Every structure is written in C-alpha cells, then in structure tokens.
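In this text the structure is predicted, and so the values were computed from the model without any measurement.
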Amino acid sequence: MTSLRHVLATLGEPLVEVVVAPHGLGVPVSDVVILDPEDPLEASPGDLVLVIGARGRAAAPAIRAAGRGGAAAVAVKGATGADVAADAGVALLTVGTEARWEQVESLARGVVEAARAGGEAASGEVLGDLFALAQTIATLTGGLVSIEDTANRVLAYSRAGDEVDELRRLSILGREGPERYLAMLREWGVYQRLRAGEGIVRIDERPELGIRRRIAAGIHAGKQPLGTIWVQEGAQPLTERAETALLGASRTLAPQLIRARTLPSPELRLREDLLASLLEGRLDAESVADDIGADPSRPAQVLAFSLERSDNRQLRRAELVHLIAVHTAAYRRSALVSVIGGRVYALLPDLPEHSDAAVLALAREIAATARRHLDVPVRVALGGVVPRLSDAAASRGDADRVLAAMARGHWAAEVASLADVRAEVLLSEVLAYLGGQPRIRDPRLTALTGHDAEHGGILVPAVLAWLDAFGDVRAAARALNIHPNTVRYRVRRATEVSGVDFDDPAQRILTQLQLRL
C-alpha cells in the first residue's frame with residue numbers, strides 16, 4: 001500500500017495541489033475511485049476519490065461522504081472551502097482546471113497498483129532522453145557512445161555493437177569507470193584536458209590494455225564541468241565528421257545535464273511544494289506541520305536568499321538550495337527550503353527563545369560559504385520571528401521587503417533584517433501607497449514636476465537635495481556639484497512656480513514625499 005505523500009510526489013504541481021490534510025500526508029491510499037455526485041455518495045477507507053461531476057462548493061456533499069467513509073483524500077476542480085474537508089477529516093486536493101480527469105486517474109492508479117505489486121512506482125523525471133541522444137551521437141560518429149557525469153558514473157550509452165573494448169564493457173556493467181582504467185586516463189592527462197575547456201580529446205588504441213581508439217569531449221556550463229561524452233571506435237573507423245558531431249553533442253548535452261542535476265527528488269519536490277504553498281497562504285500550517293515534523297504552535301522564521309546575476313544561474317541556484325538546506329537542517333531538523341519566483345526561501349520552525357543571534361550567525365555563515373564556493377554574491381534577508389507556523393507567510397513578506405531595500409542599495413552588507421532597514425522599507429511602502437492614490441497628492445507639486453519636465457528638470461532635484469540637507473544650502477550644493485547661490489535660486493524659483501511654502505513643516509514633509517515619486 002502506498003501513501004498520499006507518494007501519490008502527490010508522482011502527480012505534483014501544477015496537476016494537483018494540497019488544500020488541507022487533517023491527518024497529514026502519510027495516510028495510506030489503497031484505491032482510486034471516481035465519484036459522480038449523481039451516483040450514491042459512498043467511499044471506503046483508503047480511497048482517493050476523484051469528484052468529476054461537481055466543482056467548488058457543489059462538491060461539498062461528496063467531500064463529507066468521503067470523510068464519513070474514511071477516504072484518504074478527495075480531489076476536486078475549482079476553489080472550495082478547506083473548512084468542509086477539515087470538518088470531514090479528509091485531505092482535499094485541487095486539480096488544475098486544464099487537467100484531464102483520465103490523466104489524473106491514470107497516474108494515481110499507476111502508483112497505487114505498483115505498490116500493490118510490491119514496490120513504489122518510480123516517480124519524477126529520469127534521464128531517458130540521454131539514451132536516445134547517445135544513440136543519435138553513435139549514428140553520427142559511427143562509434144559506441146557513453147555519457148558520464150563528473151564522478152565517472154555512466155548516465156547513458158548507445159546500443160552495444162561489435163568490438164566493444166574492455167574499458168567500455170566494464171564501465172557499462174559496473175555503471176562507472178573501473179578504477180584501474182580511470183587511473184591510467186588520469187595519468188595520461190585525459191581528464192585534465194577534458195575539464196580544461198571545450199574541445200576534442202583523442203585517445204590512441206592500446207591493444208595490450210584492452211583499449212581501442214576513442215575520442216571524447218567534456219560537457220561544460222561555462223567553466224564548470226558537468227560530464228564527458230566518450231566515443232569508442234568499433235569494427236569500422238569513425239566517420240569523417242565524428243569530431244564535429246561530438247563537439248555539437250557536448251554543447252547540446254549541457255542544458256540536459258544542468259536540468260538533471262537541478263531536478264529535486266520526488267520527496268524533496270513535495271516538501272518544496274508544501275513550503276511554497278504555506279508561504280503563499282494556500283495551505284494551512286497544520287497540514288504541513290505533521291509532514292515536516294514541526295509544532296505549529298511554536299515560533300518560526302523565514303530567510304530569503306537572492307542570488308546575484310551570474311553565469312549558469314539555474315545551476316548556481318540549485319547548488320545554493322543544497323547549501324542552504326544543509327546549513328538550515330543542521331540548525332533545525334524540520335527546516336524546509338524552496339524556490340519561489342527566483343528567490344530561495346528557508347523556513348526555520350520550532351525556534352527556541354532568544355534565537356535572533358543564532359539565526360543571524362547562520363545567515364552570515366551561509367552567505368560566506370556561498371561566496372567562497374559559488375563565487376557569486378548572495379543577499380540574505382531575515383524575516384521577523386512569528387509566534388506560530390501559520391504566520392510564516394508574514395515572515396516571508398518581511399524578508400521580501402528587506403531584500404527589496406537591499407537591492408535599492410540601502411544596505412551594503414550581505415545579510416540584513418527588518419530592523420536594519422526598517423526606515424527604508426517603511427518609506428518605500430509609504431511612497432508606493434502615495435503613488436497609487438492620486439487624490440491625496442498636492443496638485444501644486446504635480447504642477448511643479450510638470451513644469452520642471454518641460455524646462456530642463458533642474459528645480460525638483462535642487463528642492464529635494466535642499467530638503468534632504470535640512471535646509472543646508474552648502475550641503476545641497478555639494479551633493480549636486482553646483483554653486484550654493486544656484487541652489488538658493490532654484491529653490492526660490494520652485495516656490496514661485498508651485499506656490500508651496502517651504503517654511504511650513506507640514507508642506508516640507510509632503511513635498512519631500514511627493515517629489516520622491
């Protein structure tokens with residue numbers, strides 16, 4: 001028998017999403033049944049019920065019936081209240097509106113039936129495409145092809161032909177290169193040349209060692225090696241364009257190996273989806289808490305990480321996720337890490353009292369480690385500590401606000417909390433509100449900015465610099481690199497154009513805010 005967790009790991013988003021799971025995701029699933037609301041509303045323990053004839057609130061009777069029958073979960077299309085499923089004590093899944101019910105049933109039933117047959121179904125994406133590509137390379141080069149990762153593990157290979165040498169035979173049988181042959185290749189400098197950059201490496205035939213002639217090419221993402229393609233010559237010589245084909249193949253393979261290295265396992269992907277749902281407010285904390293082993297009544301905190309621009313950004317982000325996961329798990333066993341919108345988020349649940357110093361040290365350690373090992377700057381923002389796991393979305397919001405302030409240049413260090421940039425964050429939010437509310441702006445200042453735009457744009461910068469300097473003309477002049485008398489003239493001219501009285505403190509504050517827009 002399989003679990004709801006494994007079914008979800010196989011189906012995954014965007015096909016299905018968890019709305020609520022009162023008994024966690026470890027509940028057993030023994031069957032997949034289709035329920036039409038016009039049929040008798042019945043369910044049995046362990047059923048995954050697919051409600052195909054009703055959407056949204058119309059599915060409520062079927063959800064209640066599934067709960068009474070002890071079903072593991074109910075899947076519906078359309079938004080429906082989680083409260084109905086929670087009261088019924090049954091997990092509720094929403095199915096994407098574009099998804100076909102037969103697709104959902106087929107995938108889910110495949111998992112359940114595989115479990116009945118004696119094992120969990122394989123889920124997640126595999127490197128099947130690599131085998132097809134290996135065969136294509138073999139056709140183009142006229143040789144026998146194998147694709148390896150940087151640890152010399154065989155990822156894929158072309159179909160066997162005649163004249164397979166001992167190195168290829170042992171590599172494929174053991175799914176990795178035999179050590180005595182690897183040592184020889186290292187001694188000959190083959191791996192050094194393959195990892196040095198793009199190009200073809202030629203290895204002469206060594207009959208006494210069981211090695212036939214072969215050519216090889218490194219697979220790279222920028223300067224970072226990802227693996228190697230080997231082409232062994234068989235009974236016939238390699239084609240005239242074998243080296244050109246191999247070079248093209250090495251470039252084609254780079255995105256696939258990056259994708260393979262950055263794809264999380266199904267279980268990890270499910271945990272990432274759960275965290276994303278929690279931080280986006282789509283899933284209640286109690287449904288997540290049991291599955292990650294956290295106490296929903298204990299304090300929690302969210303850290304947000306922004307990876308600066310770099311080559312191989314996708315690969316770097318995947319490496320950053322692993323790095324963050326290792327560090328945060330060492331601090332809190334039930335920590336979760338996920339990528340949302342290009343940023344990496346870490347949830348630290350079950351926080352002890354007075355954890356501020358420890359979390360700050362953790363964030364700094366992660367930033368320093370990322371800088372050393374990834375060679376790219378990483379910004380880390382600390383969200384506020386919230387009293388309960390259900391408030392994690394608020395902590396994530398704080399962290400996003402801090403990252404935005406850091407991106408605007410208001411904090412030079414790699415790590416910042418809301419307390420560090422609170423003034424900048426609040427000012428930004430006040431300006432955002434003012435920007436969206438034209439009715440509360442001063443029309444005189446709107447007229448001033450319009451006049452300035454038509455006459456060289458010199459008055460508004462002078463007024464802002466003067467206000468920022470608290471009326472110190474010389475300081476404003478230094479900031480603008482102009483003469484103090486020029487500042488005095490421009491401020492006076494702005495007064496004439498707008499009619500704003502800069503001697504009035506209230507008008508000065510409003511002017512400073514509105515002109516910042």
Side-chain angles (χ1 to χ4, degrees), residues 275 278-280 298-310 317 320-321 323-325 327-328 330-332 335-374 376-389 391-435 464-465 467-470 475 479 509 512-513 516-517:
L275 176 56
L278 177 66
L279 296 185
E280 293 175 348
R298 295 282 302 282
Q301 186 174 11
V302 173
L303 276 58
F305 301 80
S306 175
L307 183 66
E308 297 304 287
R309 292 189 178 278
S310 67
R317 185 181 295 121
L320 179 62
V321 169
L323 186 152
I324 295 169
H327 282 76
T328 54
Y331 177 65
R332 307 309 300 164
L336 284 180
V337 179
S338 185
V339 179
I340 306 174
R343 290 178 174 174
V344 184
Y345 294 91
L347 170 67
L348 305 178
D350 296 339
L351 286 180
E353 292 185 10
H354 311 299
S355 61
D356 294 3
V359 173
L360 179 59
L362 172 68
R364 287 173 174 166
E365 181 182 0
I366 293 173
T369 305
R371 185 176 62 254
R372 286 196 305 270
H373 294 288
L374 302 185
V376 290
V378 175
R379 293 193 183 109
V380 189
L382 280 62
V385 177
V386 290
R388 297 174 56 85
L389 188 61
D391 298 321
S395 182
R396 181 248 177 132
D398 287 345
D400 283 336
R401 295 156 71 198
V402 173
L403 275 183
M406 296 172 76
R408 290 192 296 269
H410 294 304
W411 190 255
E414 294 174 313
V415 179
S417 67
L418 184 58
D420 295 322
V421 292
R422 191 181 302 277
E424 292 80 6
V425 167
L426 294 178
L427 176 60
S428 174
E429 293 182 355
V430 169
L431 291 176
Y433 179 78
L434 186 60
L464 269 177
L467 290 172
D468 287 345
F470 301 100
I509 292 174
Q512 197 166 16
L513 285 174
R516 282 182 180 272
L517 291 176

Please find the pair of heavy atoms, one from [X] and one from [Y], that lie closest to each other, and give the distance.
{"X": "Ala367", "Y": "Glu414", "answer": "CB-OE1, 3.8 Å"}
{"X": "Ala392", "Y": "Val386", "answer": "N-CG2, 4.1 Å"}
{"X": "Arg516", "Y": "Gln512", "answer": "CG-O, 3.1 Å"}
{"X": "Ala300", "Y": "Pro349", "answer": "CB-CA, 4.1 Å"}
{"X": "Ala381", "Y": "Met406", "answer": "CB-SD, 4.5 Å"}
{"X": "Arg343", "Y": "Asp400", "answer": "NH1-OD1, 2.9 Å"}

Mind checking the [atom1]-[atom2] spacing from [X] to [Y]? Nearest 0.5 Å is all I need.
{"X": "Glu424", "Y": "Leu418", "atom1": "CD", "atom2": "CG", "answer": "10.5 Å"}
{"X": "Phe305", "Y": "Ile324", "atom1": "CZ", "atom2": "CD1", "answer": "4.0 Å"}
{"X": "Arg298", "Y": "Leu389", "atom1": "CZ", "atom2": "CG", "answer": "11.5 Å"}
{"X": "Leu336", "Y": "Leu279", "atom1": "CG", "atom2": "CG", "answer": "9.0 Å"}
{"X": "Trp411", "Y": "Asp420", "atom1": "CH2", "atom2": "CG", "answer": "4.0 Å"}
{"X": "Leu467", "Y": "Ile509", "atom1": "CG", "atom2": "CD1", "answer": "10.5 Å"}

Is [Y] close to [X] at the side-chain level, that is, under 4.5 Å between some pair of heavy atoms?
{"X": "Leu427", "Y": "Leu513", "value": "yes"}
{"X": "Leu275", "Y": "Ile340", "value": "no"}
{"X": "Leu348", "Y": "Thr328", "value": "yes"}

Looking at Gly383, is its backbone amide N or carbonyl O close enough to the side chain of Gln301 to form a donor-acceptor pair, meaning the two atoms are under 3.5 Å apart?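 Answer holds: yes.
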Donor-acceptor side-chain pairing of Ser395 and Asp398 below 3.5 angstrom: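 Judged by distance alone, the side chains do not pair up.
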I'd like to know whether CZ of Arg408 has more than 12 heavy-atom contacts from other residues, nucleotides or ligands below 6.0 angstrom.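 Yes - once you tally the heavy atoms of other residues, nucleotides and ligands closer than 6.0 Å, there are more than 12.
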Stepwise side-chain contact (heavy atoms from CB on, under 4.5 Å) test for Glu365 and Val415: CA-CA 10 Å; Glu365 181 182 0; Val415 179; over 6 Å; no
For Val344, which of Val380, Leu320, Leu303 qualifies under side-chain contact (heavy atoms from CB on, under 4.5 Å)?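 So, applying the side-chain contact (heavy atoms from CB on, under 4.5 Å) to Val344 and each of Val380, Leu320, Leu303, only Leu320 qualifies.
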Apply salt bridge (charged side-chain N to carboxylate O under 4.0 Å, His left out) to Arg332 and list each qualifying residue two or more places apart in sequence or on a separate chain.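 None.
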